[in-house]
Peer 1: 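Got a structure here, written out as structure tokens. Questions coming.
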Amino acid sequence: MTTTTLNPTLLQHVAPGMKAWRIALAMLAGSALLAISAKVQVPFWPVPMTLQTLAILAIGMAFGSRLGVATVLLYLAEGFVGLPVFAGAAAGPAYFAGPTAGYLIGFVASVGLVGWLAERGWDRSLLRCLIAMAVGHAVVFVFGVSWLATLVGVQKALAAGLYPFWAATLVKTLLGVAVMQAAWHLALKRRSQG
């Protein structure tokens, strides 16, 4: 499969020819998943882990680039208007100037890239899915740590915004790959039986 061939995403495979109301419903479900994943904290060393980047990558893989970006932008708009969708208790316009603002921008870039790769079949191959998810996580960190560095300096940004999250990122990457591979297996099995 070449990188220029567009493939149906998992969502398009499961629900082909989606109407506008189903697209809107998918976006609302995706933004709800992001809000829930931001609030779920899993005890982990050295810092607790949220499932937010796992949700970002899964949305990109399942929805594709355009619908994935639209879903993340909806989620960010919800936070911008003050809905409590982010990991902390704060929300509103000021949140977008705080230390996590770069990560939020990274979510958009990551979901777009991962979705673009999924549209080219990278979600169906174990190795390519692993690479896509790892790159998706890296994109989030590039934006997040870069913004944080403008506020606290490079060394402090790396110490607070990158190093503590490596182990959790590895776990979430592997979990994301397993979820996508299982989802595709079930979708293809369902199609062959139906």
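All values derive from a computational prediction rather than experimental measurement. FYI, the numbering just counts along the sequence from 1.
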Peer 1: Identify whether Trp166 and Val154 are in the same connected component of the hydrophobic contact network (ILVMFWY, side-chain heavy atoms under 4.5 Å).
Peer 2: yes
Peer 1: For Glu78 and Ser31, which I'm curious about, is there any donor-acceptor pair between the side chains at under 3.5 Å?
Peer 2: yes
Peer 1: Which atoms form the tightest heavy-atom contact between Gly88 and Lys39, and what is the distance?
Peer 2: O-NZ, 3.0 Å
Peer 1: Which ILVMFWY residues are connected to Leu25, directly or by a chain of links, through side-chain heavy atoms under 4.5 Å apart?
Peer 2: Trp21
Peer 1: Under the 3.5 angstrom rule, does the side chain of Gln181 hit a backbone N or O of Asp123 as a donor-acceptor pair?
Peer 2: yes
Peer 1: At what distance, to the nearest 0.5 angstrom, does CD1 of Ile59 lie from CG of Leu10?
Peer 2: 12.5 Å
Peer 1: Please determine whether side-chain contact (heavy atoms from CB on, under 4.5 Å) holds for the pair Ile105 and Trp147, giving the CA-CA distance in whole Å, both sets of side-chain angles, and the decisive distance to 0.1 Å.
Peer 2: CA-CA 10 Å; Ile105 294 166; Trp147 172 254; over 6 Å; no
Peer 1: Val72 and Leu33: same hydrophobic cluster, using ILVMFWY side-chain contacts below 4.5 Å?
Peer 2: yes
Peer 1: Any heavy-atom pair between the side chains of Leu104 and Leu76 that's under 4.5 Å?
Peer 2: yes
Peer 1: In Å and rounded to the nearest 0.5 Å, what is the OG1 to OH distance from Thr100 to Tyr95?
Peer 2: 3.5 Å
Peer 1: Is the distance between the ring centroids of Phe143 and Tyr103 less than 6.0 Å?
Peer 2: no
Peer 1: Assess the residue pair Gln12 and Phe63 against the criterion (side-chain contact (heavy atoms from CB on, under 4.5 Å)); give the C-alpha distance rounded to whole Å, side-chain angles, the decisive distance to 0.1 Å, and a yes or no.
Peer 2: CA-CA 8 Å; Gln12 291 167 335; Phe63 287 14; over 6 Å; no
Peer 1: Could you measure the distance from the CE atom of Met133 to the CD1 atom of Ile56? Nearest 0.5 Å is fine.
Peer 2: 11.5 Å
Peer 1: Does Glu119 reach the main-chain N or O of Ser65 with its side chain, forming a donor-acceptor pair under 3.5 Å?
Peer 2: yes
Peer 1: Using side-chain heavy atoms (C-beta onward) and a distance below 4.5 Å, is Gln41 in contact with Leu51?
Peer 2: no
Peer 1: Going by the angle between their ring planes, with limits at 30° and 60°, are Phe141 and Phe165 parallel, tilted or perpendicular?
Peer 2: tilted
Peer 1: Let me check something: do Val142 and Leu117 share a hydrophobic cluster, defined by ILVMFWY side-chain heavy atoms less than 4.5 Å apart, either directly or through other members?
Peer 2: no
Peer 1: Which pair of non-hydrogen atoms, one from Arg22 and one from Ala15, has the smallest distance, and what is that distance?
Peer 2: NH1-CB, 4.4 Å
Peer 1: On a heavy-atom basis, which atom in Ala70 and which in Met27 lie closest, and how many Å separate them?
Peer 2: O-CE, 3.5 Å
Peer 1: To the nearest 0.5 angstrom, please state how far the SG atom of Cys129 sits from the CE atom of Met180.
Peer 2: 6.0 Å
Peer 1: Could you measure the distance from the CG atom of Leu130 to the CG atom of Leu174? Nearest 0.5 Å is fine.
Peer 2: 6.5 Å
Peer 1: Would Val179 end up clustered with Leu188 when hydrophobic side chains under 4.5 Å apart are linked, directly or stepwise?
Peer 2: no
Peer 1: Locate the shortest heavy-atom distance separating Ala157 from Val145; write the atom from each residue and the value.
Peer 2: CB-O, 3.8 Å
Peer 1: Would the distance check show the side chain of Lys172 and the main-chain N or O of Leu57 forming a donor-acceptor pair, the cut-off being under 3.5 Å?
Peer 2: no
Peer 1: Using the rule given for side-chain contact (heavy atoms from CB on, under 4.5 Å), can you reason through Leu28 versus Leu74, listing the C-alpha separation, both sets of side-chain angles and the distance that settles it, and then say yes or no?
Peer 2: CA-CA 8 Å; Leu28 286 172; Leu74 173 63; 4.0 Å; yes
Peer 1: Enter the distance from Leu148:CG to Leu158:CG here, rounded to the nearest 0.5 Å.
Peer 2: 9.0 Å
Peer 1: Can you give me the closest heavy-atom contact between Ile23 and Met18, atom names plus distance?
Peer 2: N-CE, 3.6 Å
Peer 1: Can any side-chain N or O of Ser110 pair as donor or acceptor with the backbone N or O of Val139 at less than 3.5 Å?
Peer 2: no
Peer 1: Looking at every non-hydrogen atom in both residues, tell me the closest pair between Val14 and Ala187 and how far apart they are.
Peer 2: CG2-CB, 4.1 Å
Peer 1: Do you reckon Val114 sits in the same ILVMFWY cluster as Leu11, going by side-chain contacts under 4.5 Å, direct or chained?
Peer 2: no
Peer 1: So does Trp116 get a backbone contact from the side chain of Arg120, meaning a donor-acceptor N/O pair under 3.5 Å?
Peer 2: yes
Peer 1: Tell me, with the steps shown, if Val135 and Leu113 meet side-chain contact (heavy atoms from CB on, under 4.5 Å).
Peer 2: CA-CA 9 Å; Val135 170; Leu113 175 61; 3.5 Å; yes
Peer 1: Between His137 and Thr53, is any side-chain donor less than 3.5 angstrom from a side-chain acceptor?
Peer 2: yes
Peer 1: Parallel, tilted or perpendicular: which one describes the rings of Phe107 and Tyr75, with boundaries at 30° and 60°?
Peer 2: tilted
